[in-house]
Engineer: 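I'd like to ask you about the structure that follows.
Because only heavy atoms are used, hydrogens play no part in the values below, and waters and symmetry mates are left out as well, while side chains stay in. Because the structure is a prediction, the values reported are computed rather than measured.
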Amino acid sequence: MITVGINDQMDSMILEQELMMVTPQRREKALAFKHEQGRRLSVAAFRLLQTELEEKFHISGDLTFGYADNGKPFLLHYPQLDFSLSHCSKGVACAISDECPVGIDIERIRNYNRQLAERVLSAEELEATESHPHPDVAFIELWTRKEALLKMTGEGIRDDLRKVLYGPLYESVEWTTTIKQERGWICTIAAQKR
């Protein structure tokens with residue numbers, strides 16, 4: 001089973017209360033953010049993970065993270081589950097699977113920036129983006145695919161993002177993208193095909 005949660009309505013969240021609901025490990029990570037917005041997003045993403053684990057997998061125990069050699073987090077006491085968290089100024093997202101590796105990325109839709117696009121998109125992706133009726137949406141959709149794939153593999157951002165969506169790994173992934181222009185975000189889930 002793969003489950004996905006997205007929360008784009010965090011305005012009423014009271015940070016001090018929510019900080020008490022997360023693990024000490026996550027509290028420390030959240031408090032390391034310089035600005036309150038980063039703290040809020042870090043806590044909200046973890047709370048979403050807690051909610052999804054409890055509702056879909058009936059897990060409410062110790063959610064301490066371990067980290068693979070490549071830096072990808074895993075649940076120390078539930079290693080059979082794969083998960084991914086993401087946040088941006090418009091919301092938080094969480095994907096959990098008990099059957100395959102997953103990655104998720106949520107990004108705010110922002111104005112198209114050609115200089116950035118040239119650095120991270122292949123020539124084909126750049127052409128498709130610029131011929132799209134909404135280049136800003138097309139660019140963020142591609143960006144979330146790249147990030148979700150790199151989170152799924154645990155690689156994180158690497159040097160040449162133009163090559164991320166090519167090759168046998170890309171062909172072995174199932175993609176789900178949600179575009180919420182009215183809410184200002186795009187979210188993509190990458191799941192390894194079984």
Engineer: For Phe33 and Leu41, run side-chain contact (heavy atoms from CB on, under 4.5 Å): C-alpha distance rounded to whole Å, both residues' side-chain angles, the deciding distance at 0.1 Å, then the answer.
Structural biologist: CA-CA 10 Å; Phe33 282 91; Leu41 293 170; over 6 Å; no
Engineer: Pairs in or reaching into residues 98-136: which pass ring pair (Phe, Tyr, Trp, His ring centres under 6.0 Å), with residues at least two apart or in two chains?
Structural biologist: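 Non-adjacent pairs meeting ring pair (Phe, Tyr, Trp, His ring centres under 6.0 Å): zero.
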Engineer: Quick one: CD1 on Ile59 to CD on Glu54, what's the gap to the nearest 0.5 Å?
Structural biologist: 10.0 Å
Engineer: Look at the side-chain heavy atoms of Ile, Leu, Val, Met, Phe, Trp and Tyr, link any pair under 4.5 Å apart, and say whether Leu142 and Leu150 land in one connected group.
Structural biologist: yes
Engineer: Rounded to the nearest 0.5 Å, how far apart are CD of Gln192 and OG of Ser97?
Structural biologist: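 The OG atom of Ser97 is 10.5 Å from CD of Gln192, to the nearest 0.5 Å.
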Engineer: Establish whether Met10 and Val43 are linked, either directly or via other cluster members, by ILVMFWY side-chain heavy-atom contacts under 4.5 Å.
Structural biologist: no
Engineer: Tell me, yes or no, whether the heavy-atom count around Glu182 atom CD, taken from other residues, nucleotides or ligands under 6.0 Å, exceeds 12.
Structural biologist: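 Correct, the count exceeds 12.
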Engineer: Do Asp105 and Lys146 sit within salt-bridge range, that is, some charged N less than 4.0 Å from a carboxylate O?
Structural biologist: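 Here Asp105 does not pair with Lys146 in a salt bridge, since their nearest N and O are not under 4.0 Å apart.
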Engineer: Within the structure provided, determine whether Leu19 and Arg39 are in side-chain contact (heavy-atom separation under 4.5 Å).
Structural biologist: no
Engineer: Are Met1 and Leu49 connected into the same hydrophobic cluster when the rule is that any two of I, L, V, M, F, W, Y join if their side-chain heavy atoms are below 4.5 Å apart?
Structural biologist: yes
Engineer: Can you tell me how far the CG atom of Leu149 sits from the OG1 atom of Thr144, to the nearest 0.5 Å?
Structural biologist: 11.0 Å
Engineer: Report yes or no: does Asn7 contribute a side-chain atom to a donor-acceptor pair with the main-chain N or O of Val92 at less than 3.5 Å?
Structural biologist: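 Not at all, since once roles are kept as given, no pair shorter than 3.5 Å links the two residues.
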Engineer: State, with a plain yes or no, whether a side-chain heavy atom of Arg114 is found less than 4.5 Å away from one of Glu118.
Structural biologist: yes
Engineer: Honestly curious: do Leu81 and Leu48 fall in one hydrophobic cluster under the side-chain, below-4.5 Å linking rule?
Structural biologist: no
Engineer: Look up atom CD1 in Ile186 and atom CD1 in Ile179, then write down how far apart they are to the nearest 0.5 Å.
Structural biologist: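 Spacing of CD1 (Ile186) from CD1 (Ile179) equals 4.5 Å.
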Engineer: Does the pair Lys72 and Asp82 meet the rule for a side-chain contact (heavy atoms from CB on, under 4.5 Å), with working shown?
Structural biologist: CA-CA 10 Å; Lys72 183 174 179 171; Asp82 195 81; 3.1 Å; yes
Engineer: So, the side chain of Thr51 versus the backbone of Arg47: is there a donor-acceptor pair under 3.5 Å, distance only?
Structural biologist: yes
Engineer: Quick one: closest heavy-atom pair of Gln25 and Leu63, and the distance?
Structural biologist: OE1-O, 4.3 Å
Engineer: Is Met152 close to Ser84 at the side-chain level, that is, under 4.5 Å between some pair of heavy atoms?
Structural biologist: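 Side chain of Ser84 against side chain of Met152, heavy atoms only: no contact under 4.5 Å found.
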Engineer: Tell me if the NZ atom of Lys56 is crowded by more than 12 foreign heavy atoms within 6.0 Å.
Structural biologist: yes
Engineer: Hey, what do you get for NE2 (His87) to CD1 (Ile6), rounding to the nearest 0.5 Å?
Structural biologist: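 If I round to the nearest 0.5 Å, the distance is 14.5 Å.
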Engineer: Does atom CD (Gln80) have a neighbourhood of more than 12 heavy atoms from anything else shown, all under 6.0 Å?
Structural biologist: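 Yes, because the 6.0 Å sphere around CD of Gln80 holds more than 12 heavy atoms from other groups.
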Engineer: A side-chain contact here means heavy atoms from C-beta on lying under 4.5 Å apart; do Cys187 and Ile104 qualify?
Structural biologist: yes
Engineer: Are Tyr78 and Phe74 joined in one hydrophobic group, where the rule is that I, L, V, M, F, W and Y side chains link up if heavy atoms are under 4.5 Å apart?
Structural biologist: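 They do not share one cluster, since no chain of ILVMFWY contacts under 4.5 Å joins Tyr78 to Phe74.
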Engineer: Kindly say whether Leu85 contributes a backbone atom to a donor-acceptor pair with the side chain of Lys151 at under 3.5 angstrom?
Structural biologist: yes
Engineer: Within a strict 4.5 Å, meaning less than it, do heavy atoms of the Thr178 and Trp185 side chains meet?
Structural biologist: yes
Engineer: Just by distance, do the side chain of Glu147 and the backbone of Glu107 share a donor-acceptor pair under 3.5 Å?
Structural biologist: no
Engineer: Could I get the full list of side chain to side chain contact (heavy atoms under 4.5 Å, CB included) partners for Arg108, not counting sequence neighbours?
Structural biologist: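 Arg108 satisfies side chain to side chain contact (heavy atoms under 4.5 Å, CB included) with Cys88, Ser89, Lys90, Arg110 only.
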Engineer: Using every non-hydrogen atom in the two residues, find where Ala191 and Cys100 come nearest and quote the distance to one decimal.
Structural biologist: CB-SG, 4.1 Å
Engineer: For the NZ atom on Lys193, are there more than 12 heavy atoms of other groups (residues, nucleotides or ligands in this structure) within a distance under 6.0 Å?
Structural biologist: yes
Engineer: Could you tell me if the side chain of Glu130 sits less than 4.5 Å from the side chain of Leu126, heavy atoms only?
Structural biologist: yes
Engineer: Does CE belonging to Met13 count more than 12 external heavy atoms closer than 6.0 Å?
Structural biologist: yes
Engineer: Before you tell me yes or no, could you show the steps for Gln37 and Arg40 under side chain to side chain donor-acceptor pair (under 3.5 Å), namely the whole-Å CA-CA distance, both residues' side-chain angles and the distance that decides it to 0.1 Å?
Structural biologist: CA-CA 5 Å; Gln37 175 73 354; Arg40 293 174 68 80; 4.7 Å; no
Engineer: Can you find a heavy atom in the side chain of Phe57 that is under 4.5 Å from one in the side chain of Thr3?
Structural biologist: yes
Engineer: Find the distance between CD1 (Ile189) and SG (Cys94) and round it off to the nearest 0.5 Å.
Structural biologist: 10.0 Å
Engineer: Do Leu53 and Ile96 make a side-chain contact, defined as non-hydrogen atoms from C-beta onward lying under 4.5 Å apart?
Structural biologist: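 Yes; the side chains approach each other to less than 4.5 Å.
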Engineer: Kindly write out the residues that satisfy ring-ring contact (aromatic ring centres under 6.0 Å, His included) with Phe65, not counting sequence neighbours, or none if the list is empty.
Structural biologist: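 With sequence neighbours excluded, Phe65 shows a ring-ring contact (aromatic ring centres under 6.0 Å, His included) to Phe46, Phe83, given in chain and number order.
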